[in-house]
Participant: 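Input: one structure, supplied below.
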Amino acid sequence: MADARLKLPSDLAGLTRSEWELIVREARYSQLDAEIVRMHILDGLAQVDTATELDRVRMTISRRLQRNIYPRAREVALKLNIIKNPEG
């Protein structure tokens, strides 16, 4: 495994592996997004290595994290009271 420097958004950074696994189940991610979460976030694989394993380019992984995965994870985590709404 590459020495990945995983930089999660601050509100999602403290989630445990089991919380991420719950989010994946509840979020109804596409198969690709679920695989990205498993490989990059849970297993710590670098974006470039995740992309290679999934036969994609690194930019695809980055975009899907920013546009799909993190927003949906945040939505589900708030709904399940795993994280608190920063707005109060």
Side-chain angles (χ1 to χ4, degrees):
M1 175 172 79
D3 185 23
R5 299 199 61 171
L6 182 59
K7 180 75 171 149
L8 294 170
S10 60
D11 58 338
L12 301 176
L15 297 179
T16 65
R17 182 180 187 92
S18 62
E19 289 168 335
W20 272 108
E21 289 169 347
L22 177 59
I23 288 169
V24 169
R25 284 193 304 274
E26 296 293 321
R28 304 181 115 182
Y29 284 130
S30 68
Q31 184 175 351
L32 177 59
D33 286 349
E35 285 299 314
I36 292 170
V37 171
R38 286 185 189 100
M39 296 174 84
H40 180 61
I41 297 173
L42 297 180
D43 296 340
L45 210 57
Q47 284 186 21
V48 68
D49 296 327
T50 300
T52 300
E53 289 291 321
L54 296 173
D55 197 26
R56 302 287 198 273
V57 296
R58 191 207 56 83
M59 187 55 70
T60 297
I61 304 306
S62 178
R63 283 188 188 128
R64 293 189 80 86
L65 285 165
Q66 296 303 319
R67 295 179 184 171
N68 302 11
I69 294 168
Y70 295 150
R72 184 70 182 132
R74 188 172 289 113
E75 182 181 315
V76 170
L78 284 167
K79 178 182 165 195
L80 297 174
N81 293 312
I82 295 171
I83 62 173
K84 302 284 187 231
N85 190 335
E87 298 168 4

Participant: Sequence neighbours excluded and cut-off under 3.5 Å, please list the side-chain donor-acceptor pairs for residues 14-24, or say none.
Facilitator:
{"unit_1": "Thr16", "atom_1": "OG1", "unit_2": "Ser18", "atom_2": "OG", "d": "3.2"}
{"unit_1": "Thr16", "atom_1": "OG1", "unit_2": "Glu19", "atom_2": "N", "d": "3.1"}
{"unit_1": "Thr16", "atom_1": "OG1", "unit_2": "Glu19", "atom_2": "OE1", "d": "3.4"}
{"unit_1": "Arg17", "atom_1": "NE", "unit_2": "Glu21", "atom_2": "OE2", "d": "3.2"}
{"unit_1": "Arg17", "atom_1": "NH1", "unit_2": "Leu42", "atom_2": "O", "d": "2.7"}
{"unit_1": "Arg17", "atom_1": "NH2", "unit_2": "Asp43", "atom_2": "OD1", "d": "3.4"}
{"unit_1": "Glu19", "atom_1": "OE1", "unit_2": "Thr16", "atom_2": "N", "d": "2.8"}

Participant: Let's go through Leu54 and Thr60 carefully: what are the C-alpha distance in whole Å and the side-chain angles of both, what is the deciding distance for side-chain contact (heavy atoms from CB on, under 4.5 Å) to 0.1 Å, and is it a yes or a no?
Facilitator: CA-CA 10 Å; Leu54 296 173; Thr60 297; over 6 Å; no
Participant: So how far is it from Ile69 CD1 to Tyr29 OH, rounded to the nearest 0.5 Å?
Facilitator: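 If I round to the nearest 0.5 Å, the distance is 6.0 Å.
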Participant: If you round to the nearest 0.5 Å, how far is CD of Glu75 from CG of Leu80?
Facilitator: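 One gets 10.5 Å once the value is rounded to the nearest 0.5 Å.
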Participant: If you compare all heavy atoms of His40 against all heavy atoms of Leu6, which two are closest, and at what distance to 0.1 Å?
Facilitator: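 Taking His40 first and Leu6 second, the nearest heavy atoms are NE2-CD1, 3.1 Å.
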Participant: Can you tell if the side chain of Asp33 reaches within under 4.5 Å of the side chain of Arg72, non-hydrogen atoms only?
Facilitator: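 They are not in side-chain contact.
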Participant: Which atom pair, heavy atoms only, marks the closest approach of Asp11 to Ile83?
Facilitator: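 Looking at all heavy atoms of both residues, the closest pair is O-CG2, 3.4 Å.
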Participant: Out of curiosity, Arg38 CZ to Thr50 OG1, how far, rounded to the nearest 0.5 Å?
Facilitator: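 Atom-to-atom, Arg38:CZ and Thr50:OG1 are 13.0 Å apart.
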Participant: Quick one, Leu65 and Gln47 - any side-chain contact, counting heavy atoms below 4.5 Å?
Facilitator: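 Yes, at least one pair of side-chain atoms sits under 4.5 Å.
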Participant: Taking C-beta and beyond as the side chain, do Ile41 and Leu12 meet within less than 4.5 Å on heavy atoms?
Facilitator: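 No, their side chains stay 4.5 Å or more apart.
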Participant: Could you state whether Ile82 and Leu78 fall into the same hydrophobic cluster, counting links through intermediate Ile, Leu, Val, Met, Phe, Trp or Tyr residues with side-chain heavy atoms under 4.5 angstrom apart?
Facilitator: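 Yes, Ile82 and Leu78 fall within the same hydrophobic cluster.
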Participant: For Arg67, what residues pass the side chain to side chain donor-acceptor pair (under 3.5 Å) criterion, not counting sequence neighbours?
Facilitator: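 In terms of side chain to side chain donor-acceptor pair (under 3.5 Å), with neighbours along the sequence ignored, Arg67 is linked to no residue.
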Participant: How long is the straight-line distance from CZ of Arg64 back to CE of Met59, given to the nearest 0.5 Å?
Facilitator: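 It comes to 14.0 Å.
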